[in-house]
Protein chains: 2
Amino acid sequence: MTMANIRDIARLAGYSPATVSRTLNHSGYVSATAAAKIQAVIAQLDYVPNDIARDLSQGRTANVGVVVPHLNAPFFTEIVNGISSAAFAADYNVVLLQSKYDAALERTYLTQLHRKAFDALIFTSRAIPLTELVAAQQYGAVVCCENPGTKPLAAAYSQRETAYLQAFRWLKGQGYQHIALTLSRDATLSATSRATLATFKRVFGCAPAVVETDVTTYQDGYRVATDLAKNTDLDYIFSNGDDIATGIRQGYLDQHRTAPALMGQENQVSGQLLGLPTIDHHFRQIGAAAFDLAATGRVASVPVTADLLLRR
Amino acid sequence: MTMANIRDIARLAGYSPATVSRTLNHSGYVSATAAAKIQAVIAQLDYVPNDIARDLSQGRTANVGVVVPHLNAPFFTEIVNGISSAAFAADYNVVLLQSKYDAALERTYLTQLHRKAFDALIFTSRAIPLTELVAAQQYGAVVCCENPGTKPLAAAYSQRETAYLQAFRWLKGQGYQHIALTLSRDATLSATSRATLATFKRVFGCAPAVVETDVTTYQDGYRVATDLAKNTDLDYIFSNGDDIATGIRQGYLDQHRTAPALMGQENQVSGQLLGLPTIDHHFRQIGAAAFDLAATGRVASVPVTADLLLRR
DNA sequence: TTACCGTGTGGAACGCGTTTCATAGCAAGT
DNA sequence: ACTTGCTATGAAACGCGTTCCACACGGTAA
């Protein structure tokens, strides 16, 4: 009942394992007669080569690990979509690695890279410092999805600053002055948050009137609306997602208040419904670029331009 | 520069590979002195065992393959979330396999199961007949996410009929008569679609006034609204997703028409926003159950009750 | 003192495909 | 007749961790 292996096939076909291997891989010299006999035995025994053995022999797995905190935000699902389409086209498999922004967990994935469980690792987001990713490159390709600055690390990311600059300038041009921002994570943890705040300051010369952090879902938006509504002079809310913006708006409505004008991000359905301005970061494209870096092992920085969509 | 292996460690520590292996796995007898010396060498060389070799030796990978057509629907992202949380807890990795409902692709994944690339395979949806999945079980655990009927196949799925029955009875009780359904795929392809139609007929004794197929996104909903609006006597639209329902409603609005009453599914943000009735299928829970079946290899049917949410 | 048990350790085989290298037959070129 | 140069094929080593089994040593129960 135990699985047939290449030596079984060789014996039954009257050839050596080497010839069977060549036949399977269409490599080297194999006579037509040998190939035919071997194929016949293979078909008869329903033999397929064992991938693990092949991987061991070749020292690779054709697996890319993709570290995601969770799959509840379009940023992650879209980027994973992009990665997996590209990976599929290149005959790689995508291994989903849930991190929950837990540094210890992220390190276990770096260890798995060291252990050759994957050929490369893509961090869509992270809790550990970039320097650890840089160091891990000795074990295999490592790609991050944010601007790595001067760090020698492969990266594919949204050129957020440009889009934020454009967005904030537009806000300023429209005459908005008392602006609230919502962020997914505190600026001490997130480069995206830092970029948002820095660009805001660059345009307006001051900090936003209000900053809400740890906002990632519709429910979070709904929740912070109570707090935001206390600032009666707010005239704009720049949020970090269309779903979130939608939650904020609903939170205001349920307090019988009218929300200030809102901008979302990610170009989601909820934002389309409300006709909110948004920023499209092209996450699928970023995912595809990240995979490409992972597969080739190139250490390069691939910024992707984000687009401000004002929707008429 | 090539990686150290267990024999290198053994040599440098003055012990045999067997003892090193025992030390690494905390199995069998190892003296404290031996363990200390070996650990020291391991630390010095930054050695970690090679996972591929371990997998080969043990004949397993601790990988579960998850076949998904795409990740654009909450059904799939949620189920993958559920699977990956459970997998993580059990020290398994999740390999994402994109299928695009392509039978040939799905078969390549079955082959990969045969080749031991994964220990088990979960089909969240499929294009190939169930019988092929049944047959593939000889190579490893195979789980589907739909009612397998009498087929001997592990399954975790939403008890859709019950929820649909409840929903349609409620519609009937409310006096609706001219009802349109939207479906993701034609009933010849999708068991879900068949279940929806069959339950409708059971309650209303006739087919729905209109059936729209190939509807899976907000955009699709928006598109079919044009067609639906031609039927001026429609009094209800039962759609296959909240986002879709939202798209339909918007499509009507943009034609300066008022949409009939709508029901969605999946309990999404957009539906919450519009206060639409919906059906929550608890996909995360289904994912977790599917993983459990995959990991244990149990061949059982795990139906999960879906809930009708009428929202006040 | 003999018999037996727990502890500690190593040799060697195992899982299985790939690849290098050597060997050999045979035809074309000189 | 002799060197080249393919075409074919196999033996054996390789990648690397695990595990079975045999072998020791020290102590204890009989």
Side-chain angles (χ1 to χ4, degrees), chain A residues 1-39 41-42 45-62 111-119 139-140, chain B residues 1-39 41-42 45-62 111-119 139-140:
Chain A
M1 189 53 230
T2 133
M3 204 77 95
N5 65 34
I6 200 170
R7 283 166 235 270
D8 296 330
I9 305 298
R11 188 162 15 81
L12 278 124
Y15 288 90
S16 71
T19 304
V20 177
S21 178
R22 269 181 241 119
T23 306
L24 286 168
N25 300 302
H26 305 287
S27 66
Y29 292 111
V30 179
S31 66
T33 17
K37 271 190 204 156
I38 289 169
Q39 292 291 6
V41 177
I42 285 174
L45 294 201
D46 187 28
Y47 166 79
V48 287
N50 179 313
D51 268 352
I52 310 177
R54 175 172 283 178
D55 287 345
L56 175 62
S57 177
Q58 304 192 327
R60 64 183 291 263
T61 52
T111 305
Q112 287 195 52
L113 177 68
H114 190 172
R115 288 173 172 237
K116 305 263 180 203
F118 341 102
D119 295 348
Y139 307 129
Chain B
M1 189 54 231
T2 130
M3 204 76 94
N5 65 33
I6 202 170
R7 284 166 236 271
D8 296 330
I9 304 298
R11 189 161 15 81
L12 278 126
Y15 288 89
S16 71
T19 304
V20 176
S21 178
R22 270 180 242 120
T23 307
L24 285 168
N25 300 303
H26 305 288
S27 65
Y29 292 112
V30 179
S31 66
T33 18
K37 272 189 201 157
I38 288 168
Q39 291 291 6
V41 177
I42 285 174
L45 294 201
D46 187 25
Y47 167 78
V48 287
N50 180 313
D51 268 351
I52 310 177
R54 176 172 283 178
D55 287 345
L56 175 61
S57 177
Q58 305 191 328
R60 65 183 292 264
T61 53
T111 305
Q112 286 195 52
L113 178 67
H114 190 172
R115 288 172 172 239
K116 305 263 180 203
F118 342 102
D119 295 348
Y139 307 129

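Residue numbers begin at 1 in each chain, while the letters A, B, ... track the order of the sequences.
Between the side chain of A/Asp119 and the backbone N or O of A/Thr61, at least one donor-acceptor pair lies under 3.5 Å. For A/Ser21 (side chain) and A/Pro17 (main-chain N/O), no donor-acceptor pair under 3.5 Å exists by modelled atom type. A/Asp8 places a side-chain N or O within donor-acceptor distance of the main-chain N or O of A/Asn5, the cut-off being under 3.5 Å.
Between the NZ atom of A/Lys37 and the P atom of D/dG10 there is a distance of 10 Å, rounded to whole Å. For A/Ile38 and D/dA8, the CD1 to C1' distance is 11 Å, given to the nearest whole Å. Rounded to whole Å, the distance from CZ on B/Arg11 to P on C/dT9 is 19 Å. At whole-Å resolution of the value, CZ in A/Arg60 and P in D/dC16 are 16 Å apart. One interatomic measurement links the two molecules: CD1 of A/Ile52 to C1' of D/dG15, which rounds to 14 Å at whole-angstrom precision.
Of the side-chain N and O atoms in A/Tyr47, none sit less than 4.0 angstrom from OP1 or OP2 of C/dC16.
Where B/Gly14 and A/Asn5 each meet DNA chain C at their nearest nucleotide, the meeting point lying more 5' is that of B/Gly14. With the nearest nucleotide of DNA chain C identified for both B/Ser31 and B/Leu56, B/Ser31 has the one nearer the 5' end.
Within the 4.5 Å cutoff, side-chain heavy atoms of B/Arg54 are placed close to those of B/Asn25. Counting heavy atoms from C-beta outward, A/Tyr139 and B/Asp46 have side chains that approach closer than 4.5 Å. A/Val48 is not listed as a side-chain neighbour of B/Lys116, based on a closest heavy-atom distance of 4.5 Å or more. No side-chain heavy atom of A/Arg22 sits less than 4.5 Å from a side-chain heavy atom of A/Tyr29. Here the side chains of B/Tyr47 and B/Leu24 are in contact, with some heavy-atom distance below 4.5 Å.
Within the nucleic acid shown, B/Ala10 has no heavy atom closer than 4.0 Å to any nucleic acid atom.
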For nucleotides 18-22 of chain D, which of its nitrogen or oxygen atoms have a protein nitrogen or oxygen under 3.5 Å away, and what is each distance?
from   : atom 1 : to      : atom 2 : distance (Å)
D/dT18 : OP1    : B/Asn25 : ND2    : 3.3
D/dT18 : OP1    : B/Arg54 : NE     : 2.6
D/dT18 : OP1    : B/Arg54 : NH2    : 2.9
D/dT18 : OP2    : B/Ser21 : OG     : 2.9
D/dT18 : OP2    : B/Asn25 : ND2    : 3.1
D/dT18 : O4'    : B/Ser57 : OG     : 2.6

Any protein N or O atoms within reach of nucleotides 3-7 of chain D? Criterion: under 3.5 Å, listing atom names and distances.
from  : atom 1 : to      : atom 2 : distance (Å)
D/dT7 : OP2    : A/Tyr29 : OH     : 2.0

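Of the residues listed (B/Ile6, B/Val30, B/Leu12), the one engaging B/Val20 in a side chain to side chain contact (heavy atoms under 4.5 Å, CB included) is B/Ile6, and it is the only one.
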